[in-house]
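This report refers to the structure that appears directly beneath it.
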Amino acid sequence: MNIFNIFSEIEKVDPEVYERFDSRRQVFKHMSGFGKKLAAAAVPVAFGAVFNKAYGQTSNNADIIAILNFALTAELTDSTYYSKVLDANSPNLPAEFKTGLTIIRDNELGHVETLKKAIQDLGGTPVVIAESRLDYTAGGKINDPFADYPTILALGQAFEDTGIRAYKGQAPKPAIMANDAILQTALQIHSAEARHAAYFRRLRGDGQNLENNKPWITLKDRGNLPEFTQPIYDGEETTTQATVNIANLVSANAASEAFDEPLEMPQVIAILNNFFKEGEKLPG
Amino acid sequence: MSKIINPRDKKADNTLDISSPLQRRSFIKYAGAGAALSALILSGCNDDDDGKFNGVVYQPPTPPPNPNEIPAVNLGSGDTGILNYAYALEQLEAAFYDMLVKSTTFNTTFTNATERAVLTDIRDHEVAHRDFFKSVLGNAAIPALTPDFSLVNMADRNVVLMAARTFEDVGVAAYNGAGKLLTMATNLALAGKIVSVEARHAAEIREMLKQNTFAARGGASPKPGDENIINDKGLDLALMPNEVLALAKPFIKNDINASSLPTS
C-alpha cells in the first residue's frame with residue numbers, strides 16, 4: 001500500500017486532513033517510530049493508531065467543551081473575586097500582598113483567556129458568569145470579603161485549594177486524556193493554582209499564628225476557615241495510594257500532605273455555589 | 001605441566017578447626033591465601049597455549065560487584081517507563097532534602113525553626129513519593145540511583161534554596177510534560193496527586209528565596225532556572241523527559257537511558 005496515496009484520497013473528501021495532525025511532518029515522525037520497524041502486514045495497524053489520534057478526538061469534543069466550561073466557571077468565580085479585592089484597594093492590605101495578589105489575578109485571567117480560546121477552537125461557546133450572580137459574603141457568612149486582610153487570605157486559600165482539586169478530578173477523564181494539548185494545558189493551569197494556594201497558606205501560617213496551616217494540606221484540616229468550607233478538605237486525609245499505605249513510609253500527617261486528592265464535578269459545583277446568590281446557583 | 005595445587009587439599013593440610021568459630025582475621029588470611037593459590041594455578045598451568053586448561057575451556061569467574069561502578073539505568077517503555085522516570089526524579093529530590101536536613105550545618109544554615117520544619121516536611125513528602133513509586137513499580141522498578149550533590153554547598157542558604165527551586169520547578173515541569181505520555185487514567189490520577197504538592201513546594205521555596213516569586217510571570221516562554229517561571233497565559237512549565245533528564249544529569253552519576261519512553 002502507498003500511504004501517500006491514502007492522504008491524497010482522504011484530502012478529496014476532507015480537505016483539512018493535514019490540519020487534523022500536528023503537521024504533515026509530524027505524521028511521518030509518528031510513522032517512523034513504528035512503521036519502519038514493522039512488517040508490511042502490520043503497517044495498517046500502526047497507521048490506524050495515527051488516525052485514531054487525529055480523528056478519535058472529534059467525537060469527544062462535546063465532552064471536552066463541557067469540562068472546559070466547568071473549569072472556566074471556577075476560574076471566573078476566582079478571578080472576579082481577586083479583581084474586586086484589588087479594585088477596593090483597601091489600606092488594610094500590605095503593599096507586598098497587593099503585588100502577590102495581582103500576580104495571581106493576572107494568572108487567573110490568563111487561564112480564563114486560554115480556556116475561552118480552547119472552547120472556541122473546539123466549536124463551543126464559553127460560559128459567561130454575570131457578576132450580579134456572585135455573592136462573596138457566602139449568604140452573609142463572611143463579613144468583609146473585599147477589605148479585611150485575614151478574610152481575603154482565607155477566601156483565596158479556599159478558592160485555590162478547590163481549583164486544584166477540580167482540575168485534578170477532570171484531567172484523567174477519557175475526553176481530556178484523548179487530547180494531548182488540552183491535557184497538558186490543564187496540567188499547566190493545575191500546578192499554577194497549587195503555587196497560588198501555597199502562597200495564601202504561607203501568608204496565613206506566618207502572619208496569623210496559624211503555624212499548622214502549612215503550604216500543604218495536613219489531613220483534612222481546614223485551617224480555621226469557616227465550617228461551610230469543610231467539603232474543600234474532606235477526603236484529603238487519605239494516606240493510602242494505589243494500595244500502598246504511605247503512613248507506613250512516613251508519618252500519617254506527611255503521608256496525607258504528600259498527595260493532594262481530586263474532587264468530582266458535582267462536589268466542586270456545590271462548593272462554588274456557596275458564592276452564588278439564591279436563584280442564581282450553578283446547575284448540577 | 002606444572003604441579004596442580006588444589007586449594008581443597010591445602011584446606012585439609014591446614015590445622016583449621018571447623019568446630020571453632022572462624023575468626024574474621026583468620027578467614028581473611030585464609031581467603032587471601034586461596035586467592036593467591038588460584039592465581040598461581042591459572043598462571044602456571046596453561047602451558048600448552050591452546051586456550052584450554054586440561055581440556056576444559058577456561059571460564060573467568062564472575063567478578064564480584066564493584067561498589068565503585070555506577071550501573072547504567074534503562075527506564076523502560078510505556079506507562080512503566082514514565083513511572084520509572086518519575087521514580088528517578090523523586091529519588092533525586094528525596095536524596096537532596098535528606099542530605100540537607102541531616103547535614104551538620106543544617107541548624108546554622110537555616111536558623112529559622114519554621115524554615116527547618118518546612119524543609120523537613122518537604123523531605124518527608126519526597127521520601128513518600130520515592131518509596132511509593134518503588135512499591136508500585138515492584139520488579140519493574142529501576143535500582144537506587146547514585147546522586148551527586150557536590151555542586152551544592154549545603155552550608156550556603158542561598159545556594160541550597162536555588163538548587164531546591166530548580167529541583168521543584170523542574171519536577172513540576174516534568175509531571176506536566178509527561179501526563180500526555182501516560183495511557184492509563186489511574187496512573188495520570190496518581191501523577192496529578194503528586195504534581196500539585198511539588199508545585200506547593202516550589203512556591204514555598206521561591207518565597208523563602210525572594211518574596212512574590214511563587215508564580216511570577218516571565219513572558220511567553222520562561223525557562224527552568226528563571227526567577228519568573230509562569231508564562232503570560234498563567235501557565236506553569238511543561239518539559240519532555242529528554243529536556244528534564246539533561247537538566248538532572250549533573251546530579252545523577254548513573255547514565256540514564258530514556259530511549260524507550262513514549263514520545264507522544
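Atom set for the values below is all heavy atoms of this structure, side chains included, hydrogens, waters and symmetry mates excluded. Letters A, B, ... are given to chains in the order of the sequence lines, protein chains preceding strands, and every chain is numbered from 1.
- Taking a cutoff of 4.0 Å between a charged side-chain nitrogen and a carboxylate oxygen, B/Lys102 and B/Asp98 qualify as a salt bridge.
- For A/Arg222 and A/Glu236, the salt-bridge test fails: no basic side-chain N is under 4.0 Å from an acidic carboxylate O.
- When heavy atoms are compared at a cutoff of 4.5 Å, B/Ile229 approaches chain A solely by way of its side chain, counted from C-beta outward.
- Heavy atoms of A/Pro215 lying under 4.5 Å from chain B belong to its backbone as well as its side chain.
- Contacts between A/Arg165 and chain B at a heavy-atom distance below 4.5 Å are absent for every atom of the residue.
- For B/Thr186, no part lies under 4.5 angstrom from a heavy atom of chain A.
- With respect to chain B, the highest number of heavy-atom pairs below 4.5 Å among A/Ala186, A/Ser191, A/Ala247, A/Ala192 belongs to A/Ser191.
- Heavy-atom pairs under 4.5 Å with chain A were tallied for B/Ala117, B/Ala173, B/Ala191, B/Ala203; the largest tally goes to B/Ala203.
- Both the backbone and the side chain of B/Asp169 come within less than 4.5 Å of a heavy atom of chain A.
- In this structure a side-chain-to-backbone donor-acceptor pair under 3.5 Å is present from B/Thr166 to B/Met162.
- Heavy-atom pairs under 4.5 Å with chain A were tallied for B/Ala216, B/Ser196, B/Ala215; the largest tally goes to B/Ser196.
- The contact between A/His111 and chain B is made by backbone and side chain atoms together, counting heavy-atom distances below 4.5 Å.
- For B/Arg206, the part lying near chain A is the side chain, with the backbone staying farther off; criterion is any non-hydrogen pair under 4.5 Å.
- The candidate with the highest count of non-hydrogen atom pairs below 4.5 Å against chain A, out of B/Asn187, B/Val136, B/Ile194, B/Asp236, is B/Asp236.
- Test A/Thr73, A/Leu72, A/Asp78 against A/Leu76 for side-chain contact (heavy atoms from CB on, under 4.5 Å) and you get one pass: A/Leu72.
- A/Glu261 and A/Lys168 are not joined by a salt bridge, as no carboxylate oxygen comes within less than 4.0 angstrom of a charged side-chain nitrogen.
- The residue among A/Glu113, A/Glu108, A/Glu96 with the most heavy atom pairs within less than 4.5 Å of chain B is A/Glu96.
- Of the possible donor and acceptor atoms, one in the side chain of A/Ser256 sits under 3.5 Å from a partner among the backbone N and O of A/Leu219.
- Highest contact tally toward chain B, considering only A/Ala258, A/Ala198, A/Gly110, is held by A/Ala258 [criterion: heavy-atom pairs under 4.5 Å].
- Side-chain contact of A/Asp161 with A/Tyr233: a donor-acceptor pair under 3.5 Å is present, judged by distance alone.
- Taking the charged nitrogens against the carboxylate oxygens, B/Asp121 and B/Arg116 have no contact shorter than 4.0 Å, which rules out a salt bridge.
- Contact of A/Ser251 with chain B is not made at all, since no heavy-atom distance falls under 4.5 Å.
- Between chain B and the options A/Tyr167, A/Tyr199, A/Phe97, heavy-atom pairs under 4.5 Å are most frequent for A/Tyr199.
- Remark: the A/Asn213 side chain and the A/Gln157 side chain contain an N/O donor-acceptor pair separated by less than 3.5 Å.
- When atom types are taken as modelled, the side chain of B/Lys210 and the backbone of B/Glu207 share no donor-acceptor pair closer than 3.5 angstrom.
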